[in-house]
S.K.: 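Below: one structure in structure tokens.
Proteins get letters first, then strands, A, B, ... in listed order; numbering begins at 1 in each.
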Number of protein chains: 2
Amino acid sequence: MKKVTMADVAKLANVSKSTVSQYLNKRYEYMSEETRKRIAQAIEELGYQPNVIARSLKQKTTATIGVIVFNMLHMLTTQVLHAIEEECQKRGFHVIICNSNDDPEKEKKYVNMLLAKQVDGLIVFPTGKNEEVYRHLVEERFPLVFVDRMVPGVEVDSVLLDNFKAAEMAVDYLASHGYDRIAIVLPPLVAYNVPRMERFEGFRIAMEKRGFVVDENNIIAVTPALLPDELKKRFAKPERPNALFAINDLTLMGVLRFVKETDICVPEDLAIINIDDVPFADIYTPRLTTIAQPTFSMGKKATEQLFVQIEQKRKGKPRVFRFSPILKERTSIRRKD
Amino acid sequence: MKKVTMADVAKLANVSKSTVSQYLNKRYEYMSEETRKRIAQAIEELGYQPNVIARSLKQKTTATIGVIVFNMLHMLTTQVLHAIEEECQKRGFHVIICNSNDDPEKEKKYVNMLLAKQVDGLIVFPTGKNEEVYRHLVEERFPLVFVDRMVPGVEVDSVLLDNFKAAEMAVDYLASHGYDRIAIVLPPLVAYNVPRMERFEGFRIAMEKRGFVVDENNIIAVTPALLPDELKKRFAKPERPNALFAINDLTLMGVLRFVKETDICVPEDLAIINIDDVPFADIYTPRLTTIAQPTFSMGKKATEQLFVQIEQKRKGKPRVFRFSPILKERTSIRRKD
DNA sequence: TTTAGTTCAGAAAACGTTTTCATAAACCGG
DNA sequence: CCGGTTTATGAAAACGTTTTCTGAACTAAA
């Protein structure tokens with residue numbers, strides 16, 4: 001479709017391409033009112049639109065960043081993405097979004113494709129299983145920030161929830177409301193999933209600090225799909241927990257499904273708290289007390305941090321930004337007397 | 001960071017750039033085993049990665065499409081986006097995602113920026129208020145498909161829910177379960193929002209077909225935030241509805257909030273059905289009967305259709321693809337005797 | 001030996017910008 | 001009227017590819 005180029009404009013306006021280029025870049029210093037008019041007119045007349053690709057080639061900058069996420073359907077992702085888009089929009093940047101689907105191979109492929117496409121920076125929700133790839137990026141001092149997860153051996157600016165605090169918050173809130181048999185429910189622990197580990201560790205430590213013992217039986221680490229059954233098994237055993245701490249929204253769903261399939265009353269028989277605010281928290285019965293992540297701030301921060309890297313080729317040591325979780329007090333926990 | 005170019009490879013391999021280019025494009029026809037080896041070796045040694053921007057400039061194609069959505073946080077958007085990404089991934093294409101936030105000005109700006117960036121096609125969840133922009137695109141025969149909404153005066157391939165059928169489905173399901181005072185709840189009607197209009201029209205027609213009269217009082221058209229109050233007002237009046245049809249997930253939230261704030265029992269006092277499946281439908285009490293959109297298929301179709309346009313510069317008349325809604329029978333409606 | 005294909009590979013011209021540098025024209029004070 | 005500034009513009013070389021064309025070297029047929 002688009003055919004008209006700068007040369008056409010130049011011809012019509014009776015000036016050289018250089019002059020048109022100057023005009024477009026608003027370098028009006030030494031340009032007569034007259035020429036300016038003629039160029040404006042020519043552009044108008046031809047409906048000229050500069051070709052950004054050509055400009056990119058010359059300038060070695062594309063005003064585009066890449067974002068690779070490991071799960072597009074996750075609420076957290078959506079919300080952080082939203083903030084990233086908004087921040088980029090402000091700066092006239094575009095966002096290419098890629099879904100690694102938690103597959104390291106795909107993630108690797110995407111990193112390379114995006115580099116080939118000359119993106120100016122990368123925000124990654126890392127699978128965690130591509131150490132060499134990440135490391136290569138930092139060696140090349142390529143602008144990069146991690147979100148949600150971080151990767152142990154790799155030093156990169158990272159934006160994360162303060163997972164310890166979140167877990168501690170959960171335990172404290174439950175304990176201070178009189179609950180004493182707290183179980184944690186989470187997907188199986190794996191080393192490369194840092195937040196998961198941290199939440200679990202935070203839980204353990206907070207429990208100990210409170211003088212609670214963490215019964216093996218009260219660590220319910222199983223993939224979400226199997227959760228309802230696993231919980232039923234647990235509740236068939238003695239010393240039932242009277243509170244459940246679900247490590248994220250997905251496990252919360254498992255917990256709620258379990259609750260629904262049994263005749264357990266929340267919060268009378270069982271208190272529930274979880275990390276990740278969910279859209280239905282307010283309309284569920286009982287209203288769900290949750291520990292929200294400040295997703296919007298996190299996305300904003302990640303983008304800002306990426307831009308400081310882009311602008312001033314990385315100065316000091318990479319930093320890890322920990323965001324404070326936010327307790328949303330509702331009614332799935334009630335003072336126990 | 002990246003410095004090594006085709007010229008470097010050529011030098012090291014002792015061949016010309018042209019030959020390297022041939023190699024990269026796998027045009028091995030007239031290339032000696034020997035040269036091939038040397039080039040491969042040189043590429044390996046230098047860690048060469050082709051610059052896609054340069055290629056794009058020459059080839060006038062970027063292997064990138066743009067997607068402009070009017071609401072990034074909407075579930076439908078997320079899911080369709082997911083499908084789009086997946087389809088593009090298969091074809092080695094990238095997706096630039098832009099959020100117009102239902103602001104026509106932003107949408108227009110984005111269209112132009114994406115064109116300037118030479119994307120190969122555009123999938124738009126249109127605001128509906130940019131007729132000239134859309135029209136310009138179709139005049140230029142630029143590959144374009146609309147999703148979710150369509151735009152009356154503009155002929156473009158569009159992927160939509162069969163909204164009439166969805167509304168009819170709701171009415172029929174309610175009616176066949178013995179409900180006779182059905183109210184529709186929706187945001188205020190506006191002409192540029194086609195699905196909203198269609199759902200409303202579908203509702204009216206289905207009601208008439210069933211011999212129901214649609215009482216003015218049973219058209220609750222108000223912005224979601226005000227819904228709970230508006231519903232309370234309605235329920236203070238006589239001839240209360242015994243069933244509510246919420247036109248989408250957002251209005252459903254309003255309805256549920258209302259329910260929660262009163263002592264109305266679902267489904268005993270009031271049946272609820274809505275368009276858009278929601279993630280908590282299964283764990284809510286009662287489990288929510290919904291009319292789901294086949295979001296994944298819709299995203300897939302949109303992408304496929306875009307690619308037929310990209311490949312064979314649009315042949316016949318644009319088509320509108322209507323996707324059948326899917327009734328998810330749960331328990332927020334129960335046979336009324 | 002010449003001729004006519006083959007096989008291979010390089011030179012050079014695009015693609016549409018930006019940017020540097022040169023220089024023409026106009027002005028200006030003495 | 002003359003050098004020196006200032007003001008305004010253009011020529012041309014990049015940027016890193018792809019692609020077309022040309023031609024060298026080799027082979028096989030005449």
S.K.: Of all residues at least two apart in sequence or in a different chain, which pass the salt bridge (Lys or Arg N to Asp or Glu O under 4.0 Å) check with A:Lys108?
M.R.: A:Glu132
S.K.: Looking only at side-chain N and O atoms, does A:Tyr23 come under 4.0 Å of OP1 or OP2 in D:dG10?
M.R.: no
S.K.: Does a side-chain N or O of B:Tyr30 approach OP1 or OP2 of D:dA24 to a distance below 4.0 Å, or not?
M.R.: no
S.K.: Detail all sub-3.5 Å separations between protein N/O atoms and N/O atoms belonging to nucleotides 13-15 of chain D.
M.R.:
from   : atom 1 : to      : atom 2 : distance (Å)
D:dA14 : N3     : A:Lys58 : NZ     : 3.0
D:dC15 : O3'    : A:Lys60 : NZ     : 3.3

S.K.: Protein within reach of the bases, or only the backbone? For nucleotides 22-28 of chain C, mark each nucleotide 5' to 3' as B, S or -, using heavy atoms under 4.0 Å.
M.R.: -------
S.K.: Quick one: A:Asn25 CG to C:dG16 C1', roughly how many Å, whole number?
M.R.: 13 Å
S.K.: Heavy-atom distance under 4.5 Å between the side chains of B:His82 and B:Phe296, does that happen here?
M.R.: yes
S.K.: Indicate yes or no: does B:Lys300 engage B:Glu304 in a salt bridge with an N to O separation below 4.0 Å.
M.R.: yes
S.K.: If we only count heavy atoms from C-beta on, is the A:Ser100 to A:Phe125 side-chain gap below 4.5 Å?
M.R.: no
S.K.: For the base of D:dA8, is there a side-chain donor-acceptor partner from A:Thr19 under 3.5 Å away?
M.R.: no
S.K.: Between the side chains of A:Glu33 and A:Lys37, is the shortest nitrogen-to-carboxylate-oxygen separation below 4.0 Å, so that they form an ion pair?
M.R.: yes
S.K.: Output yes when at least one side-chain N/O atom of A:Thr5 is less than 4.0 Å from OP1 or OP2 of C:dG16, else no.
M.R.: no
S.K.: In whole angstrom, give the distance that lies between atom CD1 of B:Ile53 and atom C1' of C:dG16.
M.R.: 13 Å
S.K.: To the nearest Å, give me how far apart CG (A:Leu24) and P (C:dT18) are.
M.R.: 6 Å
S.K.: To the nearest angstrom, how far is B:Met6 atom CE from D:dT19 atom P?
M.R.: 11 Å
S.K.: Return no unless some side-chain N or O of A:Ser21 is found under 4.0 Å from OP1 or OP2 of C:dT17.
M.R.: no
S.K.: For B:Gln22 and C:dC8, what is the distance between atoms CD and P respectively, to the nearest whole Å?
M.R.: 13 Å
S.K.: Categorize B:Asn14 for me: base, sugar-phosphate, or nothing, with a 4.0 angstrom heavy-atom threshold over every strand shown.
M.R.: sugar-phosphate
S.K.: Using atom types as modelled and distance alone, determine if a side-chain donor or acceptor of B:Thr62 lies under 3.5 Å from a backbone N or O of B:Gln118.
M.R.: yes
S.K.: Under 4.0 Å, heavy atom to any atom of DNA chain C: which of residues 31-41 of chain A qualify?
M.R.: none
S.K.: Taking only residues two or more places apart in sequence or in another chain, which ones pass side-chain hydrogen bond (donor to acceptor under 3.5 Å, both in side chains) with A:Arg322?
M.R.: A:Glu198
S.K.: Is the NZ or CZ atom of B:Arg36 both under 6.0 Å from the centre of the six-membered ring of B:Tyr23 and within 45° of that ring's axis?
M.R.: no
S.K.: Do B:Leu122 and B:Ile65 have side-chain heavy atoms sitting under 4.5 Å apart?
M.R.: no
S.K.: What residues, two or more places apart in sequence or in another chain, satisfy side-chain hydrogen bond (donor to acceptor under 3.5 Å, both in side chains) together with B:Arg149?
M.R.: B:Asp102
S.K.: Compare all side-chain heavy atoms of A:Met298 with those of A:Phe321 and state whether any distance is below 4.5 angstrom.
M.R.: no
